[in-house]
Protein chains: 2
Amino acid sequence: MDAATTLKKHDLKVTKIRLAILDTLGKTELAKPYAELQATLAEFDRTTLYRTLLALMEKGLIHKALEENGESYYALCSDCSIETHVHDHMHFKCTTCGVVQCIELPKRLKFSAPGIHIDSIEIVAKGQCSNCN
Amino acid sequence: MDAATTLKKHDLKVTKIRLAILDTLGKTELAKPYAELQATLAEFDRTTLYRTLLALMEKGLIHKALEENGESYYALCSDCSIETHVHDHMHFKCTTCGVVQCIELPKRLKFSAPGIHIDSIEIVAKGQCSNCN
DNA sequence: CCTTTAAATGCAACACGGTTGCATTTAAAA
DNA sequence: TTTTAAATGCAACCGTGTTGCATTTAAAGG
């Protein structure tokens with residue numbers, strides 16, 4: 001399914017920056033840092049980029065990963081839909097080359113603690129990627 | 001062990017802001033948002049606060065939790081030492097009242113994926129705390 | 001207790017991403 | 001083609017992170 005169709009299916013108007021974002025993020029399975037996204041899409045205003053990312057996240061087309069320094073990384077959602085935005089994956093950052101990738105988890109993780117009710121879990125791991133070790 | 005002794009033991013000079021930070025974070029088992037920390041310690045320059053937090057983190061006396069919006073939360077380290085800064089806990093944020101707390105995990109978590117080597121893992125969960133559900 | 005010095009602090013300044021308001025443009029429905 | 005709600009661009013502000021540098025201070029040594 002092409003990007004335009006995907007947008008329409010999620011009640012989003014087909015615009016240049018939306019196609020550009022989906023195109024950029026679709027070129028790799030890695031998560032892209034915000035700064036790189038902004039550089040690639042420099043022809044657009046950064047406010048527009050900001051709001052477009054919000055819109056695409058809200059519709060579950062993309063998701064954001066936060067690294068320890070607070071840097072944001074964005075990636076396409078392959079396992080999300082409008083109804084259930086669920087991530088059965090963790091975000092892994094290679095401390096050597098710096099790439100961030102989504103890694104599928106074998107099964108849904110369940111944590112529990114007395115008294116509390118857990119809705120969602122985010123996992124961020126660091127180490128060496130397959131190219132760097 | 002009092003704060004001054006703790007600082008000396010970690011080769012840190014005993015200064016007013018360091019005592020104040022340890023005192024503030026020690027008053028609760030919850031993690032404090034940066035903004036609250038800055039408000040409480042408004043008598044000190046924010047650069048000093050910034051560098052002091054870095055120093056205390058480097059020595060393993062405190063640690064930082066990042067929430068989804070990128071907000072930083074700080075808490076004392078109870079299970080860290082100079083040699084092994086390890087967290088067998090996750091950070092839990094109540095989406096109702098907003099408090100962030102460290103929750104001990106029953107056992108060390110192990111994840112693996114083909115080709116990659118994982119050094120450390122950070123887990124952030126969201127849901128309702130015991131007061132709010 | 002006094003001197004010395006490396007470390008800590010305060011201040012200024014800048015970078016960057018997040019965020020909002022508002023006027024203009026545009027996608028797409030009628 | 002007209003219409004309109006949505007999307008965009010621009011300006012502006014905020015908070016946090018970060019660095020350089022001059023001043024102050026903790027604490028070691030005499």
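Every chain is numbered from 1 and lettered A, B, ... according to where its sequence line falls, protein lines coming before strand lines.
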What is the distance from [atom1] of [X] to [atom2] of [N], rounded to the nearest Å?
{"X": "B:Asn69", "N": "D:dG15", "atom1": "CG", "atom2": "C1'", "result": "12 Å"}
{"X": "A:Asp45", "N": "C:dG17", "atom1": "CG", "atom2": "C1'", "result": "13 Å"}
{"X": "B:Leu37", "N": "D:dG17", "atom1": "CG", "atom2": "P", "result": "11 Å"}
{"X": "A:Ile17", "N": "C:dA27", "atom1": "CD1", "atom2": "P", "result": "13 Å"}
{"X": "A:Leu66", "N": "D:dT16", "atom1": "CG", "atom2": "C1'", "result": "14 Å"}
{"X": "A:Leu49", "N": "D:dA7", "atom1": "CG", "atom2": "C1'", "result": "14 Å"}
{"X": "A:Glu58", "N": "D:dA7", "atom1": "CD", "atom2": "P", "result": "10 Å"}
{"X": "A:Met57", "N": "C:dG18", "atom1": "CE", "atom2": "P", "result": "8 Å"}

Handout entry: Side chain of B:Phe44 - closest among C:dG10, C:dG18, D:dC10
Key =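 It is C:dG10.
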Practice task
Taking only the side-chain heavy atoms of B:Tyr74 (C-beta and beyond), determine which of C:dG18, D:dG17, C:dT9 contains the nearest atom.
Solution key: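 Side chain of B:Tyr74 sits closest to D:dG17.
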Look at [X] and [N] and indicate whether a side-chain polar atom (N or O) is within less than 4.0 Å of OP1 or OP2.
{"X": "B:Thr48", "N": "C:dA8", "value": "no"}
{"X": "A:Arg46", "N": "C:dG17", "value": "no"}
{"X": "A:Ser72", "N": "C:dG18", "value": "yes"}
{"X": "B:Gln38", "N": "D:dG15", "value": "no"}

Pairwise side-chain contact, [X] with [Y], heavy-atom cut-off 4.5 Å (strictly under):
{"X": "A:Phe44", "Y": "A:Thr52", "value": "no"}
{"X": "B:Ile62", "Y": "B:Leu22", "value": "yes"}
{"X": "B:Leu37", "Y": "B:Thr24", "value": "yes"}
{"X": "B:Glu43", "Y": "B:Leu41", "value": "no"}

Problem - Residues which pass salt bridge (charged side-chain N to carboxylate O under 4.0 Å, His left out) with A:Lys13, listed by chain and number, not counting sequence neighbours - result: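 Scan of A:Lys13 (salt bridge (charged side-chain N to carboxylate O under 4.0 Å, His left out), adjacent residues dropped) gives none.
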Problem - Qualifying residues under salt bridge (charged side-chain N to carboxylate O under 4.0 Å, His left out), relative to B:Glu29, sequence neighbours excluded - result: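 None.
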Problem - Protein-to-nucleotide contact annotation, 5' to 3' order, nucleotides 19-30 of chain D [B base; S sugar-phosphate only; - none; under 4.0 Å, heavy atom] - result: BBB----BS---
Exercise for the section: Would you indicate what B:Ala35 reaches in the nucleic acid, counting non-hydrogen atoms under 4.0 angstrom: base, sugar-phosphate, or nothing? Expected result: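 The residue B:Ala35 makes sugar-phosphate contact but no base contact.
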Handout entry: Distance-only polar pair, side chains of B:Tyr73 and B:Lys93, donor-acceptor under 3.5 Å
Key =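 Result is yes, a qualifying pair exists.
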Exercise for the section: Please figure out whether B:Glu71 or A:Asp11 has its closest DNA chain D nucleotide nearer the 5' end. Expected result: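 That would be A:Asp11.
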